[in-house]
Amino acid sequence: MYEQENQPANFADIILPVPIPNMFTYEIPSDLMPSIGIGHRVIVQFGQKKVLTGIVGKVHQRPPQDYETKPILEILDDHPVVNPLQIKFWSWMAEYYCCHLGEVMNAALPSGLKLSSESNVQLNPEYDPSLKNYPMDDREIILLEKLKEKSELSYEDCNKLLGLKSAYTIIKSLVIKGAVLVYEQVKEKYSPKIENRIRLSSPYCEDKKELEALFTLLSKRPKQEDILLKYLQEVPIYKQPEANEKGLRKQVFLEAGLSGSSLKTLIGKGVFEEFEIIVSRFEQQPVTQTEIILSDGQQEAFDSIKSQFESKQTTLLHGITGSGKTEIYIKLIQEVMESGSQVLLLLPEIALTTQIVERLQKVFGSEMGVFHSRYSDNERVEVWQGILSGKYSLVVGVRSSIFLPFDSLGLIIVDEEHESSYKQFDPAPRFQARDAAIMLAWLHQAKTLLGSATPSFESYYNCRTDKYGYTSLFQRFGGAELPTYHIADLLADRKKNLLKLDFSRLLREKIQEALNRQEQVLIFQNRRGYSPFISCEECGWTPECEHCDVSLTYHQYSEEMRCHYCGFKDKVPKACPACGSNKLNTVGVGTERLEESLSLLFPEARIARMDLDTTKSKYAYQRIFEEFSGGNVDILVGTQMITKGLDFGNVTVVGIVDADRMLYFPDFRATERTYQQITQVAGRAGRRGKKGEVIIQTRKPDLPIFTQITGHLFHELYLQEMGERKRFFYPPFVKTIKVTVKHKDGRVSERAARHLSNLIKDISLKKIVLGPEKGLIAKLRNQYIYEIYIKVDRTGNIPAIFKSELQKIIFNLGTNKDFRSVRFVVDVDPY
DNA sequence: AGCACGCCGACT
DNA sequence: GTCGGCGTGCTC
């Protein structure tokens, strides 16, 4: 105590879950000083009364200059829940993706680890009603009366009680009069799973004679006797007396149809005692397979990856579907785990199926944690804690698992690295999990393996420029053959009247043949619902943008065609400019319509559909999947959901209904995506020794992309596409940033967007600014949306400087005059 | 983002 | 009058 005056005060910079830049400095009370550290959760007051959970980001002795500090109220954990590497990772993410640290924290922490407060009202014990200091009105009296009955009321309770939208003014008045107190209550959200258990009480559990005596006693109570017998059957206390300690789940008796009331009686008599234990929400997984045997090709790839890792932090495994990438992953994971490091295996959401999880669980058992987006918050907290405690050294999970509290990663594997779902769109941070994973690995001095049958052109470019290592695996595992491709010319068929309900003659024949052979068919159409574009029925012409290498999207309400990239607009032509035909149709076929068409064309076939609409409920996906793999369905129609990670052994025919639709998607990645989706779905055909056939329907069979796909000419396709991207300034040659401007008044929104666009143009760094243009959806949730696309030169740290300039501009615009309520959303590397 | 506070319009 | 809607400013 006597030394205190000489000691400098201690401060902590706290990350709070609020969208405001920077951390917040709080004072550390000296009694809390010994137990505080980076990554601890603390409770602090934020604003007038609200209390929040924050994370300690930094501890120091520098008192802030221009404001008073509040004290840290409480430290929540003995051990940090977040480690220093994570704080670094969060900071990187906030900076790179132009968002606030608090937003990253919000995304990173399972909400079960976040606490917030609720305001409660209680009677002031000092208050003496007889004094009648102030006159009370009716509602104040109602509230006070209620508080005499119930010791506390939440604001919500008060509102209900008084039938008001907000009882705030009344509560405030009572506070001023000294009648009530308002205080904040924090509630822990995570609740462990509790299991009720039963065990024999003393002396029965120790003394066999007592137990035998008990049996004699219970011989006239058959129901109670049954319960005792059941217990002894499940818990062998004669052989293992210590087994009684753990007891037996209470539920077991009820499941066995034994009487609950008799059990209660036995507990009442003191024969059994009831107790609770905290159990995991995840079942124990036994290890059933430890030895992985690689084929020669796999072994070669494995060795190659390892030697790449000697000089490169990141390596791409380009392995065709069915080449057995999973075995290579397992082998690598085993090695890294044996060396004592952690491993993260990232999978896109739709690929994180029970199939692959079960496969990995056989090898890694309970050392492996699974992190699924469908998990409840309590389950997420348990995975988090499982990593902290060292229970899990391998996690298989979706995008957000990069935020789990790893402290010694040795390897991150990003499977299906080309998947666009690795990019988070909506709430900030708008991160690309694959790219973030590479940064995370770098922070851990770990390696990253990107795996794909159809690599993203960006990753492949990084291989070609020697930034990443590269390993290919082009043999199918078990010697299975690659599928044969056929191109079906939709226009030719239409002219000959062979096109029936969107199915070409060839595809119909192939389906029929498969059905005759009792084999299965996949029909791929990446669209549900209807969002039509325009196409000439005669020649297949589709309008394209004059300034960009993308097709125009038809907007029915404004009767025009638009480019979503540069904002180019055009009127809908009356006749086709290519051939003069006036048969310009809106085209659009979704999975639902295909399902219907198939049932008309093949009335004897059993048809199912798998898309977002049919898999909304929790187990629907699994049900459809099992129906199909169990052979109860002949034809499965679906969106990209059917292209991922599923291994259907009996599929021999895959139909791609409309390849053109993918190709003319208004996006510079359209060609890349088309190639990827076709190749991915084609990979579902002809596994396990049966040769598969893939039928691609198109109106433009002569396009080079089709020969490139059917001839497996990935590299040629890549080179051609890179030429285009270089010419039109698209990634990877530039860095793209999208700014979305939102306001409920369309005029304000447009003015703000124009103003911003001009300010961006004034930044003296090499870049191209496109727009502002109305958003694809011009009005969303009563907000008018404008978008600005920026292509920034990516040499050196130009993008970083540009981003900080951009943020300054946006910040100033926010404080400025009439744009205060305008929202600006920055999306770095948008998809 | 929340939340307080203040101004203003609608309605018993 | 009173209620509640919304605009504005602030949070260590």
Side-chain angles (χ1 to χ4, degrees), chain A residues 9-29 32 36 42-74 94 99-109 111 114-121 137-140 142 154-156 158-176 182-186 426-430 742-745 748 752 781-783 810-826:
Chain A
N10 291 294
F11 298 94
D13 291 344
I14 310 292
I15 306 167
L16 291 174
V18 287
I20 305 164
N22 306 324
M23 301 193 209
F24 294 81
T25 308
Y26 284 82
E27 196 169 338
I28 307 170
L32 295 183
I36 204 166
V42 292
I43 293 182
V44 292
Q45 188 180 49
F46 185 69
Q48 288 301 295
K49 59 193 184 88
K50 194 85 186 162
V51 289
L52 294 173
T53 328
I55 299 280
V56 178
K58 201 179 170 187
V59 175
H60 58 88
Q61 277 82 37
R62 246 179 322 98
Q65 298 300 304
D66 39 2
Y67 53 84
E68 290 292 300
T69 51
K70 286 179 182 168
I72 287 172
L73 300 175
E74 208 178 314
C99 67
H100 306 297
L101 253 185
E103 291 173 316
V104 181
M105 171 187 167
N106 249 340
L109 278 190
S111 46
K114 285 175 275 186
L115 313 167
S116 65
S117 64
E118 193 181 55
S119 304
N120 280 9
V121 183
D137 74 14
D138 290 353
R139 280 177 306 193
E140 288 171 347
I142 293 172
S154 70
Y155 270 34
E156 200 49 42
C158 298
N159 296 345
K160 268 189 215 148
L161 179 69
L162 300 173
L164 289 175
K165 218 31 176 296
S166 166
Y168 177 72
T169 35
I170 292 153
I171 295 165
K172 200 184 160 197
S173 153
L174 284 170
V175 170
I176 291 166
V182 173
Y183 66 101
E184 294 294 302
Q185 195 172 37
V186 281
D426 206 17
R430 296 174 175 78
K742 301 179 190 178
H743 193 264
K744 61 184 171 66
D745 184 337
V748 175
R781 300 165 109 255
N782 282 324
Q783 300 266 303
I810 289 174
F811 181 80
N812 289 334
L813 220 53
T815 54
N816 212 310
K817 36 187 177 179
D818 23 36
F819 301 138
R820 257 172 303 199
S821 51
V822 179
R823 297 254 299 117
F824 300 96
V825 177
V826 180

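From a predicted model like this one, the values you see are computed outputs, not experimental measurements. Quick note on labels: first sequence line is chain A, next is B, and so on, each numbered from 1.
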Inset, instruction - Measure the distance from CE on Met23(A) to C1' on dT11(C) and round it to the nearest whole Å. - result: 17 Å

Inset, instruction - Please report, rounded to the nearest Å, how far the C1' atom of dC5(B) is from the NZ atom of Lys172(A). - result: 8 Å

Legend entry - Atom pair distance, as rounded to whole Å: CG in Asp138(A) and C1' in dC3(C): 16 Å

Inset, instruction - Look at the side chain of Lys50(A) and decide which nucleotide, out of dA4(B), dA1(B), dC3(B), has an atom nearest to it. - result: dC3(B)

Inset, instruction - Can you see which heavy atom on Arg139(A) is nearest to which on Leu162(A), and at what distance? - result: O-CD2, 3.8 Å

Inset, instruction - May I ask you to say what Glu27(A) touches in the nucleic acid, namely base, sugar-phosphate or nothing, with a heavy-atom cut-off under 4.0 Å? - result: nothing

Legend entry - Length of the CZ-P vector between Arg139(A) and dT2(C), whole Å: 8 Å

Inset, instruction - Indicate, with a heavy-atom threshold strictly under 4.0 Å, whether Tyr168(A) touches base, sugar-phosphate, or nothing. - result: sugar-phosphate

Inset, instruction - Looking only at side-chain atoms of Tyr67(A), point me to the closest of dC12(C), dG2(B), dT8(C). - result: dC12(C)

Inset, instruction - Report which part of the nucleic acid Leu16(A) touches: base, sugar-phosphate, or nothing (heavy-atom distance under 4.0 Å, all strands). - result: nothing

Inset, instruction - Determine the contact category for Thr25(A): base if any of its heavy atoms lies under 4.0 Å from a base atom, sugar-phosphate if only primed atoms, P, OP1 or OP2 are that close, otherwise nothing. - result: base

Inset, instruction - Could you tell me whether Pro19(A) contacts a base, only the sugar-phosphate backbone, or nothing, with contacts defined as non-hydrogen atoms closer than 4.0 Å? - result: base

Inset, instruction - Mind calculating the distance between NZ (Lys114(A)) and P (dA1(B)) to the nearest angstrom? - result: 14 Å

Inset, instruction - Looking at every strand, decide which applies to Tyr26(A) at a 4.0 Å heavy-atom threshold: base, sugar-phosphate, or nothing. - result: sugar-phosphate

Inset, instruction - May I have the distance from Ile171(A) (atom CD1) to dC3(C) (atom P), rounded to whole angstrom? - result: 13 Å

Legend entry - Aromatic ring pairing Tyr168(A)/Tyr155(A), orientation class (parallel under 30°, perpendicular over 60°, tilted between): tilted

Inset, instruction - Check every strand shown and say whether Gln45(A) touches a base, only sugar-phosphate, or nothing at a heavy-atom separation below 4.0 Å. - result: sugar-phosphate

Legend entry - Whole-Å gap separating P (dC12(C)) and CD (Gln65(A)): 18 Å

Inset, instruction - Please name the pair of heavy atoms, one in Met23(A) and one in Gly57(A), separated by the smallest distance, quoted to 0.1 Å. - result: SD-CA, 4.0 Å

Legend entry - Given DNA chain C, 5'-ward residue of the pair Lys165(A) and Ser821(A), judged by closest heavy atom: Lys165(A)

Inset, instruction - May I have the distance from Glu156(A) (atom CD) to dC3(B) (atom P), rounded to whole angstrom? - result: 11 Å

Legend entry - Candidates dG4(C), dA1(B), dC12(C) - which lies nearest the side chain of Lys70(A): dC12(C)

Legend entry - Glu184(A) side chain to Asn120(A) side chain, donor-acceptor N/O pair below 3.5 angstrom: no

Legend entry - Check: Ile14(A) and Thr25(A) side chains under 4.5 Å, non-hydrogen atoms: no

